[in-house]
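Single-structure report; data block below.
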Amino acid sequence: METVLSGIRSTGNLHLGNYFGALKNFVKMQHEERCFFFIADYHSLTTHPDPKMLHVNVKNVLAEYLAAGLDPEVATIYVQSDVPEVAELSLLLSMHAYVGELERTTSFKDKIRKQPNNVNIGLLSYPVLMAADILQHRATRVPVGKDQEQHLELTRRFARRFNQLYQVDFFPECQPYTFGGELIKIPGLDGTGKMGKSEGNGIFLTDSDAAIRKKVMKAVTDSGPTAPDSPMPEVIANLFTILKAVSTPDTVAHYTELWNRCEIRYGDLKKQLAEDIIGVIAPIRERIQDIINDEAYLSRVLKQGAEKARESSGATLAEVRRIMGIKPF
Ligand code: TRP
């Protein structure tokens with residue numbers, strides 16, 4: 001069995017792309033592997049968020065995770081800052097992380113361009129903290145998107161370096177978790193690449209039925225097929241990709257057929273698409289509402305998650321301290 005760790009920064013609500021690209025697979029994965037899911041609130045601090053917003057965002061992501069089906073009795077679900085061991089492990093790892101290699105990280109270079117007046121140490125050591133997140137549980141698999149591959153590479157490098165410097169075989173080299181190619185990439189509704197957080201492009205797990213209908217009806221289309229079996233332009237193929245994720249195979253076959261015969265009416269396609277998206281989102285949205293209002297439940301979940309996570313990271317930290325020569329007399 002693999003130990004899988006997934007982290008998410010607490011910045012804003014989750015959308016349909018997050019659901020089909022990750023969450024839905026996590027729900028299945030939690031029964032197959034030893035899973036840790038955590039919210040990276042320390043990492044969020046590198047961009048100086050408003051304290052009230054930070055707190056609300058952590059709560060939202062947690063409620064969304066639980067509503068989507070992550071089970072705190074099965075997996076370990078926690079908030080990064082509830083596990084102080086990670087901060088100490090990050091400090092210890094930082095002794096063998098070189099300034100040069102951190103300065104060359106793509107994410108760091110991006111960030112100093114975006115926030116030239118706040119080039120803080122947290123930004124520079126972001127990959128060290130991320131490595132500590134992963135190594136504290138000695139995770140072997142980490143589901144990440146393309147933008148996080150370099151951070152994973154650095155984590156492997158830090159693990160190798162630690163093992164070499166101290167002549168131990170302690171940290172495993174984590175690999176990306178790929179869900180056996182089952183990952184569905186949900187495109188945006190504005191015809192520009194994948195679904196993101198930007199307005200008009202994303203459908204959120206918290207959107208009302210009316211908001212979903214409105215967004216889908218406004219999705220970008222073209223003037224329609226001109227000859228039978230003509231190639232499908234990207235904006236239309238995008239709608240079909242979402243349809244495949246949310247609708248039955250019969251529905252997909254029906255609209256594909258209409259397209260091939262040049263008889264498709266985009267208004268009908270969009271109405272169907274909106275209703276089937278609602279079919280997926282509405283029950284999740286209702287559970288989010290219930291969970292968000294149940295502070296006692298949320299706090300119970302996080303207490304349990306922190307206990308399980310601290311047990312795992314405490315064991316690792318004790319060993320790392322010992323290996324590095326920090327021992328009681
Ligand atoms: N850096 C990740 C992101 O921006 C979030 C993250 C922090 C993470 N620590 C992690 C992801 C550990 C995986 C494992 O998406």
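Note that these values count all heavy atoms, side chains included, but never hydrogens, waters or copies made by symmetry. Whatever order the structure lists ligands and atoms in, that order sets their numbers, starting from 1.
- Residue, atom and distance of the protein heavy atom nearest to atom 11 (C) of ligand 1 are Gly7 O, 3.5 Å.
- Atoms of ligand 1 lying under 4.0 Å from any heavy atom of Gln148, numbered from 1 in the order shown and given with element: 1 (N), 2 (C), 3 (C), 4 (O), 15 (O).
- Some N or O of Tyr126 is nearer than 3.5 Å to an N or O of ligand 1, by distance alone.
- Below 3.5 Å of separation, one finds an N or O of Asp133 facing an N or O of ligand 1.
- Against a heavy-atom cut-off of under 4.0 Å, His43 is close to the following atoms of ligand 1: 7 (C), 9 (N).
- Interface of Val142 with ligand 1, defined as ligand atoms under 4.0 Å from a residue heavy atom, comprises 13 (C), 14 (C).
- Those atoms of ligand 1 with a heavy atom of Leu5 less than 4.0 angstrom away are 12 (C), 14 (C).
- Atom 6 (C) of ligand 1 has Met130 SD, 4.0 Å as its closest protein atom, hydrogens excluded (heavy atom only).
- Arg213 has its side chain within reach of Glu275: a pair of non-hydrogen atoms, C-beta onward, lies under 4.5 Å apart.
- Phe108 and Tyr126 have their aromatic ring centers separated by at least 6.0 angstrom.
- No close placement of the Phe38 and Phe36 rings is indicated, their centers lying 6.0 Å or farther apart.
- Here the two rings, on His137 and Phe171, have centers that are 6.0 Å apart or farther.
- Between Arg9 and ligand 1, a contact under 3.5 Å exists for at least one N or O pair.
- With a 4.0 Å cut-off on non-hydrogen atoms, Gln80 does not touch ligand 1 at all.
- Note that Arg138 lies in the cation-pi zone of Phe170, set by a 6.0 Å cut-off to the ring centre and a 45° limit from the axis.
- Each of Ile281, Ile292, Ile288, Leu14 was scored for a side-chain contact (heavy atoms from CB on, under 4.5 Å) with Thr206, with one residue passing: Ile288.
- A distance below 6.0 Å separates the ring centres of Tyr166 and Phe162.
- Contacts of Phe37 with ligand 1, taken as heavy-atom pairs under 4.0 Å, are absent altogether.
- Few gaps surround CG on Asp147; more than 12 heavy atoms of other groups in view lie less than 6.0 Å from it.
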